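Heads up: the structure comes next, in structure tokens.
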Amino acid sequence: MAEPGTTRGVGLDVMDAFTRFTNQTQGRDRLFRATQYTCMLLRYMLEPKAGKEEVVMKLKKLESSVSTGRKWFRLGNVIHAIQATEQSIHASDLVPRLCLTVANLNRVIYFICDTILWVRSVGLVSGINKEKWRTWAARHYYYSLLLSLIRDLYEISLQMEQVAHDRTKKEKSSSQNSLAYSVADEETEWLQSFLLLLFRSLKRHPPLLLDTVKNLCDILNPLDRLGIYKSNAGIIGLGGLVSSIAGIITVAYPQLKLKTR
């Protein structure tokens, strides 16, 4: 049984970690984002059910309010995206350097479009074509995520190569037994080996797993908005929630954020 002082100490540590998290702009934005997509997912699940109209309406209002609140947190993101672009230029590996630099440039344009849409929404400027700017924002957001995913796939391939090399080295050091299997099983064996190698590579590198999951979930929204791959509010809400949770983890534990080599 844990001592009362120990339990109290753990509780204080958790409270301190939560306070540090919420004191960060990114932390508050991730919490708002998780709330927004949770509302979207719940609204999608409750809409077909009779007698839930009032709850659906409240969820819709909360989702809209949270979305508006998030825009305040994103006003300074243009500067952060420019700083990220400057950092990515100095990456030692060519592929991450190219992918991240162009991705961050697209994020700069996306946040500029997002700021212009916010200026229009609060009535500071009129005469802005909302749909045109939303399409531009979605397009550059999509390009940014696509390039980030290419970088993730490149990192995954390097990790798989390293895991395969370590496994081959281990097998050579042990006694090798000749295994006979039919040609019909070769394709199945290859697929199983590939999936196992992928699993071990991502297990070995949690930051890469979190970044890949986050980008895969995030890309559902611009794919739907641009008409490339149509989804529904439930899928987008679930993807946004999973992505937000991954983002919360990386903000709360910076060591789990994928580093640029």
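The model shown is predicted, which means the values in this text are computed figures rather than measured ones.
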For the backbone of [Y] and the side chain of [X], can you confirm whether one donor and one acceptor N or O come within less than 3.5 Å of each other?
{"X": "Ser67", "Y": "Glu63", "answer": "no"}
{"X": "Asn232", "Y": "Ile235", "answer": "yes"}
{"X": "Arg97", "Y": "Ala91", "answer": "yes"}

Treating Ile, Leu, Val, Met, Phe, Trp and Tyr as nodes and any side-chain heavy-atom pair under 4.5 angstrom as an edge, say whether [X] and [Y] lie in one connected cluster.
{"X": "Leu98", "Y": "Leu146", "value": "no"}
{"X": "Leu202", "Y": "Ile150", "value": "no"}
{"X": "Leu42", "Y": "Val56", "value": "yes"}
{"X": "Phe199", "Y": "Leu191", "value": "no"}
{"X": "Leu46", "Y": "Leu238", "value": "no"}

Nearest 0.5 Å please: distance from the [atom1] atom of [X] over to the [atom2] atom of [Y].
{"X": "Lys58", "Y": "Leu62", "atom1": "NZ", "atom2": "CG", "result": "11.0 Å"}
{"X": "Asp29", "Y": "Asn77", "atom1": "CG", "atom2": "CG", "result": "7.0 Å"}
{"X": "Met40", "Y": "Ser64", "atom1": "CE", "atom2": "OG", "result": "11.0 Å"}
{"X": "Glu53", "Y": "Glu47", "atom1": "CD", "atom2": "CD", "result": "10.0 Å"}
{"X": "Lys61", "Y": "Cys39", "atom1": "NZ", "atom2": "SG", "result": "13.5 Å"}
{"X": "Leu258", "Y": "Thr250", "atom1": "CG", "atom2": "OG1", "result": "10.5 Å"}

Could you list who else is in Tyr154's hydrophobic cluster, with ILVMFWY side chains joined at under 4.5 Å, directly or through other members?
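Tyr154 clusters with Val95, Leu158.
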Would you find more than 12 non-hydrogen atoms of other residues, nucleotides or ligands less than 6.0 Å from [X] atom [atom1]?
{"X": "Lys230", "atom1": "NZ", "result": "yes"}
{"X": "Met160", "atom1": "CE", "result": "yes"}
{"X": "Glu161", "atom1": "CD", "result": "no"}
{"X": "Glu54", "atom1": "CD", "result": "no"}

Any side-chain heavy-atom pair of [X] and [Y] under 4.5 Å:
{"X": "Tyr37", "Y": "Asn221", "value": "yes"}
{"X": "Thr68", "Y": "Trp118", "value": "no"}
{"X": "Arg200", "Y": "Leu196", "value": "yes"}
{"X": "Leu220", "Y": "Asp224", "value": "no"}
{"X": "Arg151", "Y": "Thr260", "value": "yes"}

Can you list everything that forms a side chain to side chain donor-acceptor pair (under 3.5 Å) with Arg167? Sequence neighbours excluded, please.
none
In chain order, what residues pass the side chain to side chain donor-acceptor pair (under 3.5 Å) check against His205, with sequence neighbours excluded?
none
Which atom pairs, donor and acceptor, lie under 3.5 Å between side-chain atoms of residues 102-111 and protein residues at least two apart or in another chain?
| residue | atom | partner | partner atom | Å |
| --- | --- | --- | --- | --- |
| Asn104 | ND2 | Ala84 | O | 3.3 |
| Asn104 | ND2 | Leu100 | O | 3.0 |
| Asn106 | OD1 | His140 | ND1 | 2.9 |
| Asn106 | ND2 | Val102 | O | 2.9 |

Applying side chain to side chain contact (heavy atoms under 4.5 Å, CB included), can you list everything that pairs with Ile228, at least two apart in sequence or on another chain?
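In terms of side chain to side chain contact (heavy atoms under 4.5 Å, CB included), with neighbours along the sequence ignored, Ile228 is linked to Tyr142, Leu223, Leu226.
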Please report the closest heavy-atom contact between Lys49 and Met45, naming both atoms and the distance.
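Where Lys49 meets Met45 most closely, the heavy atoms are CE-O, 4.0 Å.
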Can you name the closest pair of heavy atoms from Ser201 and Leu197 and give their distance?
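Closest approach of Ser201 to Leu197, heavy atoms only: OG-O, 2.7 Å.
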Would you please say whether a donor-acceptor pair under 3.5 Å links the side chains of Gln36 and Arg70?
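Arg70 and Gln36 do have a side-chain donor-acceptor pair below 3.5 Å.
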What verdict does the side-chain contact (heavy atoms from CB on, under 4.5 Å) test give for Leu117 and Lys130, after you've listed the backbone C-alpha separation in whole Å, the side-chain angles of each residue and the deciding distance to 0.1 Å?
CA-CA 7 Å; Leu117 287 169; Lys130 181 179 178 181; 4.1 Å; yes
Donor-acceptor contacts under 3.5 Å from residues 206-219 side chains, at least two apart:
| residue | atom | partner | partner atom | Å |
| --- | --- | --- | --- | --- |
| Asp211 | OD2 | Asn215 | ND2 | 3.1 |
| Thr212 | OG1 | Leu208 | O | 2.8 |
| Lys214 | NZ | Asp218 | OD2 | 3.1 |
| Asn215 | ND2 | Asp152 | OD2 | 2.8 |
| Asn215 | ND2 | Asp211 | O | 3.1 |
| Asp218 | OD1 | Arg33 | NH2 | 2.6 |
| Asp218 | OD1 | Ser243 | OG | 2.6 |
| Asp218 | OD2 | Ser243 | OG | 3.1 |

